[in-house]
Amino acid sequence: QQPVQSPQAVILREGEDAVINCSSSKALYSVHWYRQKHGEAPVFLMILLKGGEQKGHDKISASFNEKKQQSSLYLTASQLSYSGTYFCGTVSYGGSQGNLIFGKGTKLSVKP
Amino acid sequence: EAQVTQNPRYLITVTGKKLTVTCSQNMNHEYMSWYRQDPGLGLRQIYYSMNVEVTDKGDVPEGYKVSRKEKRNFPLILESPSPNQTSLYFCASSIRDGYGYTFGSGTRLTVV
């Protein structure tokens, strides 16, 4: 089952913040986050493993709540370059580590 | 340069004519995977491989075959393509469990 992402789309002004959520019906081993710009391949942002950790680089960070089977991606002080579609991918406990299942994506548009 | 190489980038074919999309990575990655991307559906996993001669079905394997005879190569075979296999296909690889995936540039396939 695909994880569920929300919102489906969001429009921001430069400098505003956004949160993208990813929720699974299964117990999770890890959560991946990727960004895909129009006409390009997805690019890996970060991975979160069990333990409720929070990771980040630059002004993009993420959290993983293992008990709630949820992850959130936080984009702060958004820049025009943040525009694109964000995908979360999940690997379930008890499943194969190669079975990375993606959500349907969240389209983020940053306006000047 | 470390990369995942897919060929061809674009392909138009007729129903029933067997085709192969090649995927090669030069990073000695253990995990390789094929996804198809369709509007509104996100990235759906077709097949994945966790090592040489180890492959397994993803969420949408019907109509596709794969093989992993060498670590670097993971071709996707459509024995008898149909119009509902028209899609954008991505190959991706990861060094192992707990690491992100590197995606190829994609293959846009049209079956008429």
Side-chain angles (χ1 to χ4, degrees), chain A residues 1-6 8-9 20 22-26 28-51 53 55 57 60 62 64 71 73 84-107, chain B residues 2-7 9-10 23 25 27 29-61 66 68 71 74 87-108:
Chain A
Q1 290 83 350
Q2 283 182 295
V4 177
Q5 288 185 233
S6 63
Q8 289 185 319
I20 299 171
C22 176
S23 179
S24 174
S25 60
K26 296 186 173 184
L28 298 176
Y29 172 76
S30 65
V31 179
H32 297 225
W33 286 96
Y34 294 77
R35 176 171 61 208
Q36 184 180 31
K37 292 185 178 286
H38 183 69
E40 299 181 7
V43 173
F44 173 70
L45 294 175
M46 64 188 76
I47 184 172
L48 300 103
L49 303 175
K50 63 174 184 175
E53 65 184 275
K55 296 185 72 173
H57 61 88
I60 300 176
F64 177 25
S71 177
L73 185 71
T85 300
Y86 289 78
F87 292 97
C88 71
T90 57
V91 177
S92 300
Y93 259 125
S96 170
Q97 296 305 318
N99 192 202
L100 176 64
I101 306 299
F102 286 96
K104 293 183 178 180
T106 295
K107 185 173 183 179
Chain B
Q3 59 187 356
V4 177
T5 303
Q6 288 181 235
N7 280 298
R9 289 292 308 276
Y10 302 92
C23 175
Q25 49 90 8
M27 298 170 281
H29 283 180
E30 289 187 3
Y31 290 12
M32 296 187 76
S33 192
W34 276 104
Y35 290 89
R36 61 177 289 174
Q37 186 172 31
D38 303 289
L41 297 180
L43 295 150
R44 293 182 293 166
Q45 193 175 46
I46 302 170
Y47 271 94
Y48 61 94
S49 170
M50 293 167 68
N51 214 325
V52 175
E53 303 291 3
V54 179
T55 63
D56 207 347
K57 296 177 181 179
D59 286 343
V60 289
V66 293
R68 187 101 181 266
K71 198 169 187 178
F74 191 43
S87 187
L88 177 59
Y89 291 85
F90 286 104
C91 179
S93 72
S94 174
I95 189 164
R96 59 178 175 271
D97 172 34
Y99 288 78
Y101 279 76
T102 300
F103 279 76
S105 298
T107 295
R108 187 166 291 281

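In what follows, every heavy atom counts, from backbone to side chain, and hydrogens, waters and symmetry copies are set aside. By convention in this document, chain letters (A, B, ...) are assigned in the order of the sequence lines, proteins followed by strands, and residues within each chain are numbered from 1. Only a predicted model underlies this, so the values are computations on that prediction, with no experimental measurement involved.
Residue B/K71 qualifies as enclosed at atom NZ: its count of foreign heavy atoms under 6.0 Å is above 12. In A/K37, the NZ atom is crowded: over 12 heavy atoms of neighbouring residues, nucleotides or ligands sit closer than 6.0 Å. Heavy-atom contacts from other residues, nucleotides or ligands closer than 6.0 Å to OH of B/Y99 number 12 or fewer. Crowding of A/Q1 atom CD: a count of heavy atoms from other residues, nucleotides or ligands under 6.0 Å not exceeding 12.
For the pair A/A41 and B/S105, the tightest heavy-atom approach, listed with the atom from each and the gap, is CB-CA, 4.4 Å.
Rounding to the nearest 0.5 Å gives a distance of 10.5 Å between OG of B/S94 and CD of A/Q97.
The shortest side-chain heavy-atom distance between A/L100 and B/Y31 does not fall under the 4.5 Å cut-off.
When heavy atoms are compared at a cutoff of 4.5 Å, B/Y101 approaches chain A by way of both its backbone and its side chain. When heavy atoms are compared at a cutoff of 4.5 Å, B/E30 does not approach chain A at all. Heavy atoms of A/Q36 lying under 4.5 Å from chain B belong exclusively to its side chain. There is no contact between A/Q8 and chain B, counting heavy-atom distances below 4.5 Å.
Judged as a side-chain hydrogen bond (donor to acceptor under 3.5 Å, both in side chains), and not counting sequence neighbours, the contacts of A/S96 are B/Y48.
The candidate from B/G100, B/G104, B/G106 with the greatest count of non-hydrogen atom pairs under 4.5 Å with chain A is B/G100.
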For residues 39-47 of chain B, run the donor-acceptor check on the side chains, cut-off 3.5 Å, and write out each pair with its distance to 0.1 Å, sequence neighbours left out.
from	atom 1	to	atom 2	distance (Å)
B/R44	NH2	B/D38	OD2	2.8
B/Q45	OE1	A/N99	ND2	2.6
B/Q45	NE2	A/G98	O	3.0
B/Q45	NE2	B/S33	OG	2.8
B/Q45	NE2	B/Y35	OH	3.4

